[in-house]
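In what follows, residues are counted from 1 in the order of the sequence shown.
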Amino acid sequence: MDEKARGISGVDGKHMQIGEVAARTELSLRTIRHYEETGLVVPSARSQGGFRLYTEDDVARLMVIRRMKPLGFTLEQMGDLLEATGRLDADDRLGTSDGLDADDRAEASDRAEASHRLDADDRSTADDRLGAEERAALLERVRTYQQAAAEQVEKLRVQLSRAEEFEGTLRARLARSAPAARP
């Protein structure tokens, strides 16, 4: 898929500046910078002028954060999930990079390295494949977040139902109190 098909219109076809990322994610510049300061999403590169440059992987991380926030997850929990999924994704890419040409293999390695930015000292390098136990533990972490998200979604459904019921009672009240229309 070419860059235009993926929606990348940034500086070099692979990177986007923060304004484009903000538009695509519907997050403010300030919010994106905050997530950078907290270490959740660090720009993949900087331009010669020092501008933040983001990739599709960075946008995907921001979208995960955007989806977790209304469910009440903390920044720490967001970072933990991003770290776990990043390691799983990197392992998947390393495991499927056979048969790629040198450029594609280098790009897969770069993506794996970018996925490993959080807590780099606590992780194995991107060149190491996950062991079965480590992979199972990461999958269990992701499963825990999925279950927590499902519980929050159900709570939000109940709240939405109550809010809709309340709005309906107000609408009915206004209909009863409105002056009768004249013929």
Side-chain angles (χ1 to χ4, degrees), residues 6-8 10 14-47 50-96 107-160 163:
R6 286 196 316 244
I8 301 175
K14 292 183 180 179
H15 293 94
M16 296 162 273
Q17 290 187 354
I18 193 169
E20 182 175 352
V21 172
R24 289 186 55 192
T25 61
E26 298 177 350
L27 295 170
S28 70
L29 299 176
R30 183 176 182 211
T31 298
I32 294 170
R33 289 183 188 116
H34 173 70
Y35 292 147
E36 177 186 358
E37 290 168 8
T38 61
L40 286 176
V41 177
V42 179
S44 291
R46 293 264 181 177
S47 70
F51 294 104
R52 295 166 176 85
L53 299 176
Y54 297 88
T55 63
E56 283 297 323
D57 287 344
D58 299 327
V59 170
R61 288 174 67 87
L62 285 165
M63 293 303 293
V64 168
I65 295 165
R66 193 185 91 181
R67 291 175 181 125
M68 290 181 80
K69 187 160 178 51
L71 296 176
F73 288 102
T74 66
L75 294 177
E76 183 179 299
Q77 290 171 319
M78 293 175 195
D80 183 54
L81 178 63
L82 289 168
E83 189 265 337
T85 57
R87 289 177 65 194
L88 288 166
D89 291 346
D91 188 59
D92 290 345
R93 283 191 291 265
L94 288 171
T96 59
E107 185 177 332
S109 178
D110 288 346
R111 283 194 310 262
E113 185 177 318
S115 295
H116 282 242
R117 283 195 193 125
L118 291 176
D119 302 325
D121 295 338
D122 296 335
R123 282 189 255 149
S124 58
T125 65
D127 293 333
D128 295 339
R129 293 294 314 269
L130 295 173
E133 278 186 34
E134 187 177 9
R135 184 172 188 77
L138 290 170
L139 289 169
E140 185 57 32
R141 279 167 57 192
V142 173
R143 190 172 295 108
T144 299
Y145 285 110
Q146 183 275 322
Q147 291 168 345
E151 290 171 11
Q152 272 307 110
V153 166
E154 188 55 36
K155 288 177 185 177
L156 289 171
R157 281 192 180 109
V158 169
Q159 287 181 336
L160 179 59

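Side-chain contact between Val59 and Thr25 is present, with heavy atoms from C-beta onward closer than 4.5 Å. Residues Gln17 and Arg52 form no side-chain contact, since every pair of their non-hydrogen atoms from C-beta on lies 4.5 Å or further apart. For the pair Leu130/Leu138, a side-chain contact is recorded, criterion being any heavy-atom separation below 4.5 Å from C-beta on.
Atoms OH and CE, from Tyr145 and Met78 in turn, are 10.0 Å apart once rounded to the nearest 0.5 Å. Residue Leu75 holds its CG atom at 12.5 Å from CG of Asp80, rounded to the nearest 0.5 Å. Put simply, CD1 on Ile18 and CD on Glu20 are 12.0 Å apart, with the number rounded to the nearest 0.5 Å. Put simply, CG on Asp92 and CZ on Arg129 are 7.5 Å apart, with the number rounded to the nearest 0.5 Å.
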Donor-acceptor contacts, no H, no angles, side chain residues 149-157, under 3.5 Å, sequence neighbours left out:
unit_1, atom_1, unit_2, atom_2, d
Gln152, NE2, Leu71, O, 3.3

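The 12-atom threshold is not exceeded at CD of Glu76, counting heavy atoms of other residues, nucleotides or ligands nearer than 6.0 Å. Dense packing is recorded around CD of Gln147, with more than 12 heavy atoms of other residues, nucleotides or ligands lying under 6.0 Å away.
The minimum heavy-atom distance linking Ser47 with Leu53 is given by the pair N-CD1, 3.5 Å. Closest of all the heavy-atom pairs between Glu36 and Tyr54 is OE1-OH, 4.2 Å. Closest non-hydrogen pair, Ser44 versus Asp58, comes out as OG-OD2, 2.6 Å. The shortest non-hydrogen separation linking Val142 to Ala84 is CG2-CB, 4.2 Å.
Counting only distance, with no hydrogens or angles, the side chain of Arg66 and the backbone of Leu27 share no donor-acceptor pair below 3.5 Å.
No option in Thr144, Leu88, Thr85 other than Leu88 meets the side-chain contact (heavy atoms from CB on, under 4.5 Å) test with Leu139. Screening His15, Lys14, Arg24, Arg61 for a side-chain hydrogen bond (donor to acceptor under 3.5 Å, both in side chains) with Glu56, the sole residue that qualifies is Arg24.
Val64 meets the side-chain contact (heavy atoms from CB on, under 4.5 Å) test with Met68, Leu81, Leu82; sequence neighbours excluded.
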